[in-house]
Colleague: 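One structure is given below, represented as structure tokens, and several questions about it will come after.
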Protein chains: 2
Amino acid sequence: MEDRQTGPGKDRADDKADEAKVDLIAVVVAVNDGEPCLLTIGQADTLPSGPFALEHRSPQSGLRGWVEQQTGHPLGYIEQLYTFADRDRVGAERQQRAISISYLALTRKEQATASCACGWHSWYEYFPWEDHRSGTPPVGVDILRARLIEWADAAGDPATQRERRQRVAIAFGFDDRHWNEELTLQRYELLYEAALVEEASGGKATPPPAAVSGKAMVADHRRILATGVTRLRSKIKYRPVVFELMRPTFTLLQLQRTVEALAGRLIDKPNFRRLVEQQELVEETGDTSVDTGGRPAKLYRFRRAVLDERAFAGTKLPLSRA
Amino acid sequence: MEDRQTGPGKDRADDKADEAKVDLIAVVVAVNDGEPCLLTIGQADTLPSGPFALEHRSPQSGLRGWVEQQTGHPLGYIEQLYTFADRDRVGAERQQRAISISYLALTRKEQATASCACGWHSWYEYFPWEDHRSGTPPVGVDILRARLIEWADAAGDPATQRERRQRVAIAFGFDDRHWNEELTLQRYELLYEAALVEEASGGKATPPPAAVSGKAMVADHRRILATGVTRLRSKIKYRPVVFELMRPTFTLLQLQRTVEALAGRLIDKPNFRRLVEQQELVEETGDTSVDTGGRPAKLYRFRRAVLDERAFAGTKLPLSRA
DNA sequence: CCCCTTATTGTCAGATCGAATATAATTGGA
DNA sequence: TCCAATTATATTCGATCTGACAATAAGGGG
């Protein structure tokens, strides 16, 4: 079975020119005090990464090694995100192809080890327009809106103009449309196309100030981050992954704040409680939290058993429409 | 920005040993007469694939080239599935790492070109236990069930026994649990672990006959197919991808049969109609179908405009519980 | 004209969801 | 000590969605 001789993928002329460098790259997320944080190295503009080497049994294990070596941070939950392999994705300087297999990792910040050239930064530093927890759109969105409409109207024919305006309106929830937090990647790609982020166009156009257009990253790392944000915002709605980010014991409000941090929007407290409880995702520990004013809150822990008990095709947190 | 010097992934010692062969591999799906079909080459046991070469602008374009060359079939819709890269995934014979970037492609069978060493096969030939459209579980599932329980009980300690039994029951919907059609990959991996499919264990154990355990495929192609089935069964619920598989014009029953073919289960006709219509996914053409007995059916076409109009975070076809 | 087949429309009860209200248990200050 | 502020927790209500089923319409063939 292993040694077939017919069919392709085997009968190719084995030209060594087809070989490629393969990198592993990680979007490592934690949530602290209601801020979703990203683990970076360098000038807070680089994701941890390293080459996929022969001694690695699997890409996951290779990734764990690189992240731990570069940041001192051991990883828990990991899932594959996407494989980036377009020819021009990393600049045209090298003739060898650059392939990056990206992963999303969830941890907690506390286990931080001491000194290293790494740091945690709120992911809203990179995407200021993604944080809608204040109820209203963040500052600067009006500037982006103006520039995006400018870009749409700069198109040649009216059909393209309309099409661009519509894409912008849907992605950003303009014109009475509701904000869809899962479109992070679409929004970033739109801003890139409109040359409103620093990474685009090799610095020909002049993007808005960083407070509006966000902190840039090396190569296409910010796009990879956007991919991770989109995946995570989608996944918390049907799989109990939030708990990877929680301490062993927590209050329901802490849990809610974590979800809100990831989703970038507020959710209704009673409804959130109802959902979490009727899904039996958590159980009381019996203790109550040391208080920050007001009535003490019960402490809960995640019922790991649910991971085995159920198949989770619909765990839905209350994050639908507007 | 492109020529950073700090950070990893760059400061590595450039040992050529880290290079790898990267393959592109396609799960090409069409639906004909209510049967979901897979495009294969070889002895109907191989997915179209080929090396990712330097001249390819992107993996997608490379994939299109390989599939067209090997099967004569042009591809339309493509999405990335998963990147397989574990060291032992393709047999231990070669010392070089084998990486496969897999894609899911949706087309229609009609555009088939003439002679080539390729063919279409119902995907239920590979996964007989996945077709629940008759209402009851397919024949042979009782055999699998017995063998799976046998496997569970073969575990050393009682804890592992219980855990295995529970995994089996959830994945296959035993013990009054409902059948979840999205767990195709989980089920295949369970059968693999229990050595009930031919690919497992190098032929040490004796799996059930092919009519029960399904047709085997080369290397890990069947696992890749299972990944594609899972993805597609999940995706039809929240994105209007079914229409990639339909003719330009179709009746609502044809549309329903296509969804049922993919999902492997029957759905309620009036509810399906209601959903499709209230989502405004289709519009009438004005014509009616040439009839196969009974009242003539209106013909519809897909409203491509919805792809632009909406963001599709919840299009849900009626495929929830039992 | 009757019967069979398929298409199309309609109804109804239960579950879900978003929104809002009401009550309980603390802390801190008057 | 009592009141006000704060946060936790419990309950209600109506709109919508969903799954199940029933009813009617429009053809073809005897």
Side-chain angles (χ1 to χ4, degrees), chain A residues 33-34 135 178-181 236-238 249-260 263 265-300 312-322, chain B residues 33-34 132 135 178-181 236-238 249-260 263 265-300 313-322:
Chain A
D33 303 323
H178 67 267
W179 172 255
N180 184 343
E181 77 277 0
I236 49 173
K237 293 184 186 166
Y238 62 95
T249 200
F250 49 84
T251 71
L252 291 183
L253 186 59
Q254 286 168 344
L255 184 63
Q256 181 183 345
R257 293 289 177 241
T258 303
V259 172
E260 289 174 340
R265 56 159 47 183
L266 299 175
I267 53 195
D268 183 71
K269 188 171 0 184
N271 293 342
F272 181 79
R273 295 175 63 90
R274 172 174 61 189
L275 199 81
V276 170
E277 283 170 343
Q278 86 187 7
Q279 302 255 167
E280 300 182 301
L281 295 173
V282 298
E283 61 191 2
E284 302 184 8
T285 67
D287 295 328
T288 56
S289 104
V290 290
D291 197 11
T292 54
R295 172 174 169 176
K298 289 184 195 160
L299 283 172
Y300 293 83
F312 283 104
T315 303
K316 286 266 184 92
L317 295 175
L319 281 171
S320 310
R321 22 203 132 158
Chain B
D33 303 322
H132 283 233
H178 66 267
W179 172 257
N180 184 343
E181 76 278 359
I236 50 173
K237 293 185 188 165
Y238 61 94
T249 197
F250 49 83
T251 71
L252 291 183
L253 186 59
Q254 286 168 345
L255 184 63
Q256 181 183 343
R257 293 290 177 238
T258 304
V259 172
E260 289 175 338
R265 56 159 45 184
L266 299 175
I267 53 193
D268 183 72
K269 189 173 359 185
N271 292 344
F272 180 79
R273 295 176 62 90
R274 172 175 62 188
L275 199 82
V276 170
E277 282 171 341
Q278 85 186 6
Q279 301 256 166
E280 299 182 303
L281 295 173
V282 298
E283 62 192 0
E284 302 184 9
T285 66
D287 297 327
T288 55
S289 103
V290 289
D291 197 10
T292 53
R295 172 174 169 178
K298 289 184 195 158
L299 283 172
Y300 293 84
T315 302
K316 285 265 183 91
L317 295 174
L319 282 170
S320 309
R321 27 207 127 155

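Source: prediction; values computed, not measured.
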Colleague: What contact category does B/L252 fall into here, base, sugar-phosphate, or nothing, at under 4.0 angstrom with non-hydrogen atoms?
Modeller: nothing
Colleague: On DNA chain C, nearest-nucleotide positions of B/T251 versus B/P270: which is more 5'?
Modeller: B/T251
Colleague: Taking atom P of C/dT5 as reference, at what distance in whole Å does atom CG of B/L253 sit?
Modeller: 15 Å
Colleague: So, under a plain 3.5 Å distance rule, would you say the side chain of A/D268 forms a donor-acceptor pair with the base of C/dA20?
Modeller: no
Colleague: I'd like to know if A/E283 pairs up with A/K298 as an ion pair, taking the criterion as any Lys NZ or Arg NE/NH1/NH2 lying under 4.0 Å from an Asp or Glu carboxylate oxygen.
Modeller: no
Colleague: Rounded to the nearest 0.5 Å, what separation is found between the CD atom of B/E280 and the CD atom of B/Q278?
Modeller: 9.5 Å
Colleague: Report yes if a side-chain nitrogen or oxygen of B/K269 is closer than 4.0 Å to either non-bridging phosphate oxygen (OP1 or OP2) of C/dA7; otherwise report no.
Modeller: yes
Colleague: So which of A/N271, A/L252, A/V259 actually passes side-chain contact (heavy atoms from CB on, under 4.5 Å) with A/V276?
Modeller: A/L252
Colleague: Figure out the CD/P separation between A/Q256 and D/dT7, and round it to whole Å.
Modeller: 13 Å
Colleague: May I have the distance from B/L275 (atom CG) to D/dA20 (atom P), rounded to whole angstrom?
Modeller: 14 Å
Colleague: Quickly work out the B/F272 CZ to C/dT9 P distance and round it to whole Å.
Modeller: 15 Å
Colleague: State the CG-OH distance between A/L281 and A/Y300, to the nearest 0.5 angstrom.
Modeller: 12.0 Å
Colleague: Could you state the OH-P distance from A/Y238 to C/dT16, rounded to the nearest angstrom?
Modeller: 21 Å
Colleague: Once rounded to the nearest 0.5 Å, what's the spacing between atom CZ of B/R265 and atom NE2 of B/H132?
Modeller: 9.0 Å
Colleague: Measure distances between side-chain N and O atoms of B/R273 and base N and O atoms of C/dG10, and say whether any donor-acceptor pair falls under 3.5 Å.
Modeller: no
Colleague: Given atom CZ of B/R295 and atom C1' of D/dG29, what is their separation to the nearest angstrom?
Modeller: 18 Å
Colleague: Report yes or no: is there a donor-acceptor pair, N or O only, under 3.5 Å between the side chain of B/R274 and the base of C/dG10?
Modeller: no
Colleague: Roughly how many Å is it from NZ in A/K298 to C1' in C/dA24, rounded to a whole number?
Modeller: 11 Å
Colleague: Rounded to whole angstroms, how far apart are CD on B/Q254 and C1' on C/dT6?
Modeller: 13 Å
Colleague: Choose from C/dA25, D/dG19, C/dA20 the nucleotide whose nearest atom is closest to any side-chain atom of B/N271.
Modeller: D/dG19
